[in-house]
Amino acid sequence: KATPRFRKLISSLIKHVHDFARENELTVEEWMAAIDLVNEAGKMSDDKRNETQLLCDIIGLESLVDEITFKLAAETNDAATASAILGPFFRHDAPILENESSIVDNVPDGEITYMHGIVRDLVTKKPVEGAWIDVWQASTNGLYEQQDPDQKDCNLRGKFKSDANGHYGFYCIRPTPYPIPYDGAGGKLLTLLDRHPYRPAHIHVIVQKDGYKPITTQIFDKKSKYLEDDSVFAVKDSLVVDFTPLKGNPKAELELEYDLVIAPQ
Ligand code: DHB
Ligand code: FE
């Protein structure tokens with residue numbers, strides 16, 4: 001049954017779409033071209049590929065909605081970790097792993113990085129125990145495991161739990177820039193807009209703990225290309241980080257220390 005919020009949204013949407021058509025004297029041919037593109041995106045979409053979401057991302061809609069949704073949080077508690085878009089490659093069924101284990105299986109040229117930090121309560125500044133940290137990243141060939149038959153299921157994904165000191169830590173790779181999929185409807189739209197499909201190097205993170213506001217975000221490598229022209233507009237300054245050389249740990253060549261600050265609900 002339609003809620004008042006739904007009625008408000010749909011009538012506003014109809015009004016704006018009608019205004020858009022009127023203002024631009026939209027023709028039947030133009031409208032059909034748009035329908036074709038959305039249909040193409042729909043036909044390509046399944047549980048491994050969300051082309052319709054990709055279209056929204058290319059026009060900056062997911063980033064705008066993220067900004068609107070979390071603006072209040074950012075204003076009222078500016079020290080909490082900033083949010084960023086989810087993107088189309090999250091999986092709910094990532095394996096639960098122990099801290100200090102690795103999410104990397106057989107990644108050619110992957111620079112192994114020890115990512116770690118403390119999950120903190122924004123108000124008390126105290127470590128938070130038992131927070132879930134879900135991470136996923138693309139391989140050095142620019143593909144997430146579900147896009148790539150050569151990667152093991154759930155490669156470069158894992159779910160970790162902060163310990164009694166709020167600590168989390170795992171081994172991953174230094175992410176590399178890569179294109180969003182551009183062999184379909186999204187690629188056509190990018191070409192029409194004269195835009196490249198690249199995203200700056202990033203690691204996806206979701207932090208969740210009962211009693212706290214969950215945070216969906218992405219961490220970006222300061223040295224990456226495309227920080228200024230991310231094809232899906234997700235970069236925020238506070239999410240740009242340094243990967244530093246790690247000495248004395250044979251398991252990794254780089255270190256990324258990143259504390260995650262969550263706000264009570
Ligand atoms: C998009 C986001 C990603 O993180 C990614 O790796 C590819 C595409 C997107 O927003 O469409
Ligand atoms: Fe991504």
Side-chain angles (χ1 to χ4, degrees), residues 37-38 40-70 81-94 103-104 107 110 113 115 133-148 151 154-159 170 172-193 195-207 215-236 239-241 243 256 258:
L37 191 73
V38 175
E40 188 181 336
K43 280 183 202 146
M44 293 186 77
S45 297
D46 55 25
D47 59 347
K48 298 205 167 182
R49 181 148 182 182
N50 193 336
E51 196 74 7
T52 315
Q53 183 178 359
L54 201 64
L55 288 182
C56 292
D57 294 350
I58 289 166
I59 63 169
L61 186 60
E62 189 177 358
S63 281
L64 176 60
V65 172
D66 165 68
E67 197 182 302
I68 294 165
T69 308
F70 298 105
T81 301
S83 63
I85 62 175
L86 177 68
F89 297 116
F90 173 65
R91 275 177 68 166
H92 288 275
D93 53 352
I103 62 171
V104 187
V107 174
T113 301
M115 176 168 172
I133 299 127
D134 218 310
V135 298
W136 67 106
Q137 63 177 169
S139 186
T140 48
N141 64 359
L143 297 173
Y144 287 86
E145 50 75 34
Q146 73 264 59
Q147 300 173 279
D148 184 359
Q151 286 182 58
C154 281
N155 190 29
L156 301 173
R157 286 175 198 276
K159 216 170 164 176
F170 60 89
C172 60
I173 55 170
R174 178 182 213 153
T176 44
Y178 63 85
I180 62 174
Y182 59 95
D183 57 340
K188 276 189 190 163
L189 181 57
L190 284 168
T191 305
L192 290 167
L193 293 168
R195 278 170 41 192
H196 70 71
Y198 284 87
R199 295 217 56 212
H202 61 276
I203 301 173
H204 292 269
V205 183
I206 294 178
V207 197
I215 297 175
T216 297
T217 193
Q218 305 182 20
I219 312 295
F220 298 91
D221 181 350
K222 190 173 158 186
K223 297 229 171 70
S224 174
K225 274 183 86 172
Y226 310 111
L227 287 172
E228 306 298 326
D229 54 347
D230 180 2
S231 57
V232 297
F233 311 97
V235 181
K236 294 178 184 171
L239 300 172
V240 177
V241 299
F243 287 71
L256 167 55
Y258 200 76

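In what follows, residues are counted from 1 in the order of the sequence shown. For ligands, and for the atoms within them, numbers begin at 1 and follow the listed sequence.
Defined by atom type and a distance below 3.5 Å, a donor-acceptor pair is present between the side-chain atoms of D229 and H196. Residues Q146 and R157 have side chains that bring a donor and an acceptor to within less than 3.5 angstrom of each other.
At least one heavy atom of H204 sits less than 4.0 Å from an atom of ligand 1. Put simply, no part of A138 is less than 4.0 Å from ligand 1, judged by heavy atoms.
Applying the 4.0 Å criterion to heavy atoms of I85 picks out, from ligand 1, the atoms 10 (O). For ligand 1, the atoms lying closer than 4.0 Å to a non-hydrogen atom of V232 are 9 (C), 10 (O), 11 (O). Contact atoms of ligand 1 toward Y144: 4 (O), 6 (O) (distance under 4.0 Å to a heavy atom of the residue).
A salt bridge links K188 with E40; the closest basic N to acidic carboxylate O contact falls under 4.0 Å. In this structure, K236 pairs ionically with D66, as a charged nitrogen and a carboxylate oxygen lie closer than 4.0 Å. Contact check on R91 versus D93 returns a salt bridge, with a Lys/Arg side-chain nitrogen under 4.0 Å from an Asp/Glu carboxylate oxygen.
Using the six-membered ring where Trp is involved, Y144 and F89 have ring planes that are parallel, under 30° apart on the 30 and 60° scheme.
Near-neighbour remark for the Fe ion (ligand 2): protein N, O or S atoms under 2.8 Å are Y144 OH, Y178 OH, H202 NE2, H204 NE2; waters not counted.
Scanning the protein for heavy atoms near atom 8 (C) of ligand 1, the closest one is I180 CG2, 3.3 Å.
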